[in-house]
Amino acid sequence: MPETMKRGEKAGNSAGKKAAPRKGDIPPTKERILDAAERLFVRYGYKGVSMRLLTRESKVNLGAVHYHFGGMESVLRALFEKHIVPLNQERHELLDKCLAEEADTYTSVRNLIEAYIRPSLRYPASSKPPKSLFARLQAQLSVDPSPEVRRVIDRGYDEIGTRFARMLRAHCPHLADHEFFWRLNCLYGTMFYTQADTGRTQKIAELMGVEFDQTDRADDITLIAGFLASGFLAPAVDTSTSPAATAKSQSGKSPSGKSSSGNAKGK
């Protein structure tokens with residue numbers, strides 16, 4: 001009788017609606033591949049992950065990966081878009097809000113920078129998975145020179161990055177283009193290092209006898225945005241008074257060590 005009941009239950013399930021997935025069920029094949037790829041890319045980097053390793057980690061065959069994605073670059077692109085599309089949508093909404101607000105220049109720039117960096121920095125790499133995984137992956141990919149990675153990064157960030165830069169540039173008429181983009185470079189460097197969350201600053205604070213916890217970032221991101229806003233609004237730097245420029249003018253020599261007049265005569 002118990003066996004008959006079991007069979008009847010199975011038959012009833014197959015004839016009726018498909019049972020809803022239960023918590024703990026294996027996710028669909030495509031999602032399982034992406035989850036495995038995210039863990040592996042964080043652990044080994046993009047170039048360190050082979051198809052064989054990916055299929056073993058995701059417990060699927062090679063045909064399944066090719067069917068859903070075609071190749072490893074497409075896996076990375078799909079994984080990146082899974083996270084970056086909602087993240088960039090939030091950025092656009094926050095930037096729209098900045099346009100609608102009226103504030104003094106410093107507050108406007110700080111809010112603008114915070115709107116751009118907060119979605120990426122909300123979860124530190126040291127937080128518990130899965131929230132920490134993409135934070136670590138972004139930090140790794142940002143410094144990966146592989147052409148495949150650069151294509152994925154460009155596709156994911158070009159539109160929102162250009163919009164943000166144009167809005168920020170409008171607040172910095174005192175800066176030449178060259179200096180503005182160097183300061184923008186520093187902003188990206190701050191983002192990437194904060195995303196990586198290496199623990200280096202905590203270590204320095206510990207050696208100095210200071211407690212520094214950056215895991216709760218609700219207010220810390222505003223601190224970072226304020227610092228960066230001050231940097232963008234600082235006066236343009238007069239490079240003619242730098243030690244390097246002074247030394248060069250006093251020596252009258254080019255960086256190669258030869259005098260400028262000697263180089264001209266030798267041409």
Side-chain angles (χ1 to χ4, degrees), residues 80-128 130-143 153-175 177 179-202 204-205 211-237:
F80 203 69
E81 290 178 351
K82 171 186 172 183
H83 293 284
I84 208 65
V85 168
L87 186 148
N88 281 346
Q89 180 59 40
E90 181 183 1
R91 280 175 164 158
H92 276 299
E93 292 171 358
L94 291 173
L95 292 178
D96 289 341
K97 185 178 178 181
C98 290
L99 287 174
E101 293 177 342
E102 292 185 6
D104 60 271
T105 301
Y106 168 78
T107 303
S108 296
V109 172
R110 186 198 65 197
N111 291 347
L112 181 61
I113 292 173
E114 184 169 345
Y116 188 74
I117 70 174
R118 180 171 289 280
S120 287
L121 301 184
R122 183 179 290 117
Y123 301 114
S126 57
S127 60
K128 293 181 180 180
K131 294 178 179 178
S132 64
L133 287 178
F134 189 63
R136 294 169 62 189
L137 182 60
Q138 283 187 101
Q140 288 185 10
L141 295 180
S142 67
V143 294
I153 291 287
D154 291 347
R155 179 171 174 170
Y157 286 128
D158 276 1
E159 180 188 0
I160 187 67
T162 303
R163 184 190 181 193
F164 166 68
R166 289 184 188 279
M167 292 175 69
L168 186 58
R169 185 71 179 100
H171 289 286
C172 304
H174 61 294
L175 298 177
D177 287 340
E179 186 166 358
F180 171 79
F181 282 103
W182 263 116
R183 295 189 189 193
L184 187 63
N185 205 35
C186 292
L187 180 148
Y188 285 132
T190 300
M191 281 183 59
F192 299 151
Y193 192 81
T194 304
Q195 283 175 337
D197 193 18
T198 63
R200 182 60 185 161
T201 47
Q202 291 96 319
I204 294 297
E211 183 179 348
F212 175 60
D213 180 12
Q214 61 168 330
T215 56
D216 184 6
R217 295 187 170 178
D219 295 328
D220 293 346
I221 294 174
T222 302
L223 295 179
I224 296 171
F227 168 77
L228 292 170
S230 296
F232 275 98
L233 295 176
V237 176

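Just so it is clear, the values below take in all heavy atoms, side chains as well, and ignore hydrogens, waters and symmetry mates. In this text, all values refer to a predicted model and were calculated from it rather than measured experimentally.
Taking NE2 from His92 and CG from Leu87, the interatomic distance works out to 10.5 Å, rounded to the nearest 0.5 Å. Distance check: Ile153 CD1 to Ile84 CD1 gives 7.5 Å after rounding to the nearest 0.5 Å. How far CG of Asn111 is from CG of Leu99: 12.0 Å, rounded to the nearest 0.5 Å. Annotation: the span from Gln138 atom CD to His83 atom NE2 amounts to 9.0 Å, rounded to 0.5 Å. Taking CD1 from Ile224 and CG from Leu187, the interatomic distance works out to 10.0 Å, rounded to the nearest 0.5 Å. The line from CZ of Phe134 to CG of Leu141 is 7.5 Å long, rounded to the nearest 0.5 Å.
Using modelled atom types, one side-chain atom of Ser230 and one backbone atom of Gly226 make a donor-acceptor pair closer than 3.5 Å. Between the Arg166 side chain and the Arg169 main chain, no donor and acceptor come within less than 3.5 Å of each other. At distances below 3.5 Å, not a single donor-acceptor pair connects side-chain atoms of His171 with backbone N or O atoms of Tyr106. For Arg217 (side chain) and Arg122 (main-chain N/O), no donor-acceptor pair under 3.5 Å exists by modelled atom type.
Side-chain contact annotation: Glu101 with Ser108, donor-acceptor N/O pair under 3.5 Å absent.
More than 12 non-hydrogen atoms from other residues, nucleotides or ligands lie less than 6.0 angstrom from NZ of Lys82. Around the OH atom of Tyr193, the shell of radius 6.0 Å holds more than 12 heavy atoms that belong to other residues, nucleotides or ligands. Counting non-hydrogen atoms of neighbouring residues, nucleotides and ligands closer than 6.0 angstrom, the CG atom of Asp213 exceeds 12 such neighbours. In Glu159, the CD atom is not crowded: 12 or fewer heavy atoms of neighbouring residues, nucleotides or ligands sit closer than 6.0 Å.
Counting all heavy atoms, side chain and backbone alike, Ala234 lies closest to Leu175 at O-CD2, 4.2 Å. Here the shortest heavy-atom pairing between Leu95 and Ala115 reads CD2-CB, 4.0 Å. Scanning both residues, Leu184 and Ala165, for their nearest heavy atoms gives CD2-CB, 4.2 Å.
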What do the steps show when you test Cys172 against His174 for side chain to side chain contact (heavy atoms under 4.5 Å, CB included), and what is the final call? CA-CA 5 Å; Cys172 304; His174 61 294; 3.9 Å; yes

Would Phe212 and Ile204 count as a side chain to side chain contact (heavy atoms under 4.5 Å, CB included) if you check the C-alpha gap in whole Å, the side-chain angles of each, and the deciding distance to 0.1 Å? CA-CA 9 Å; Phe212 175 60; Ile204 294 297; over 6 Å; no

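Look at Arg118 and Glu90 and you find no salt bridge, because none of the NZ, NE, NH1 or NH2 atoms lies under 4.0 Å from a carboxylate O. Arg183 and Glu179 are joined by a salt bridge, as a carboxylate oxygen and a charged side-chain nitrogen come within less than 4.0 angstrom of each other. Taking a cutoff of 4.0 Å between a charged side-chain nitrogen and a carboxylate oxygen, Arg110 and Asp104 do not qualify as a salt bridge.
Considering Thr190, Leu233, Leu223 in turn, Thr190 is the only one that fulfils the side chain to side chain contact (heavy atoms under 4.5 Å, CB included) rule with Leu228.
Side-chain contact between Cys98 and Glu114 is absent, with no heavy atoms from C-beta onward closer than 4.5 Å. A 4.5 Å side-chain heavy-atom check between Asp220 and Leu121 finds every atom pair outside the cut-off.
For Phe164 and Tyr157, the ring centers are positioned 6.0 Å apart or more.
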